[in-house]
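Worksheet for the structure shown next.
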Amino acid sequence: MSSEEFLPTNEIIEAIIKNSINPILIQLENDIGELKYRCSVYVDDNEMSSQILGFSKTDISNENSQPIRLRFRPAFSANQLKFQVQAVFSQDVSPQGTGFSGFWTKGKINTDNFIVKKSPWVAQYNVWKWRGWK
């Protein structure tokens, strides 16, 4: 963990959710079905804020929401931040026999215009613990 991590503005968090996390969740709902997700911003090991995400038309309990962690660090450019997203889902969500356990992605956001540059997301298999920054 790094003491460089920090909590950015709500506008930055919303831009990351809209442009990086939501497209992944839409694809996952096509592949594994409707779920709710709890997206939390972490600074080191501390949860700083969270919100429930999901596109389900049915009422799915927030208690069963799948966790997603979003973390931020400064980038080399003054007007950019690096971000990392990791989801570690419960084993009962994994399609039987696949070991699917969530996803991981990272990128940068321009803090002046909120343009997100994201890396392709990677499905995780049999990763049942949080791993932090790579």
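Reckoned from all heavy atoms, side chains included, excluding hydrogens, waters and symmetry mates. It should be emphasised that the depicted structure is a prediction, and the values quoted were computed from it without experimental measurement.
- In summary, Lys82 and Glu4 do not engage in a salt bridge, as defined by a charged side-chain N under 4.0 Å from a carboxylate O.
- Taking 4.5 Å as the limit, some side-chain heavy atom of Leu53 sits within range of a side-chain heavy atom of Leu25.
- The shortest side-chain heavy-atom distance between Pro67 and Trp130 falls under the 4.5 Å cut-off.
- The heavy-atom pair separating Val116 from Ala15 by the smallest distance is CG2-O, 3.9 Å.
- Between the side chains of Gln51 and Glu14, at least one donor N or O sits under 3.5 Å from an acceptor N or O.
- With contacts defined as side-chain heavy-atom distances shorter than 4.5 Å, the pair Ile115/Ile109 does not qualify.
- The shortest distance between side-chain heavy atoms of Asn19 and Phe114 does not fall below 4.5 Å.
- Residues Gly99 and Trp128 share a closest heavy-atom pair of O-CZ2, 3.9 Å.
- Counting heavy atoms from C-beta on, the side chains of Gln124 and Val88 come closer than 4.5 Å.
- The aromatic rings of Phe83 and Phe72 are tilted relative to each other, their planes meeting at an angle between 30° and 60°.
- Residues Met48 and Val43 share a closest heavy-atom pair of CG-CG2, 3.5 Å.
- Both Ile26 and Phe89 belong to a single network of hydrophobic side chains, linked directly or stepwise wherever heavy atoms of I, L, V, M, F, W or Y lie under 4.5 Å apart.
- Residues Phe6 and Phe76 fall into different hydrophobic clusters, defined by Ile, Leu, Val, Met, Phe, Trp and Tyr side chains chained together at heavy-atom separations under 4.5 Å.
- Annotation: the span from Leu81 atom CG to Ile16 atom CD1 amounts to 8.0 Å, rounded to 0.5 Å.
- Annotation for Arg71 and Glu5: closest pair NE-OE2, 3.1 Å, computed over non-hydrogen atoms.
- Linking ILVMFWY side-chain heavy atoms closer than 4.5 Å, directly or via other members, places Leu70 and Val127 in two distinct hydrophobic clusters.
- Side-chain N/O atoms of Asp31 and Gln27 include a donor and acceptor closer than 3.5 Å.
- Between Phe100 and Val93, the closest side-chain pair of non-hydrogen atoms is not below 4.5 Å.
- Side-chain atoms of Arg38 and Gln66, non-hydrogen and from C-beta on, never get closer than 4.5 Å to each other.
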- Message: What verdict does the side chain to side chain contact (heavy atoms under 4.5 Å, CB included) test give for Ile17 and Tyr37, after you've listed the backbone C-alpha separation in whole Å, the side-chain angles of each residue and the deciding distance to 0.1 Å?
- Response: CA-CA 12 Å; Ile17 290 171; Tyr37 307 89; over 6 Å; no
- Message: Between Ile13 and Val41, does the side chain to side chain contact (heavy atoms under 4.5 Å, CB included) criterion hold? Intermediate values first, please.
- Response: CA-CA 8 Å; Ile13 294 168; Val41 178; 3.7 Å; yes
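- The shortest side-chain heavy-atom distance between Trp121 and Val85 does not fall under the 4.5 Å cut-off.
- Using modelled atom types and a 3.5 Å distance limit, the side chains of Ser40 and Glu47 yield a donor-acceptor pair.
- Counted by atom type alone, Asp92 and Ser90 present one or more donor-acceptor pairs between their side chains at under 3.5 Å.
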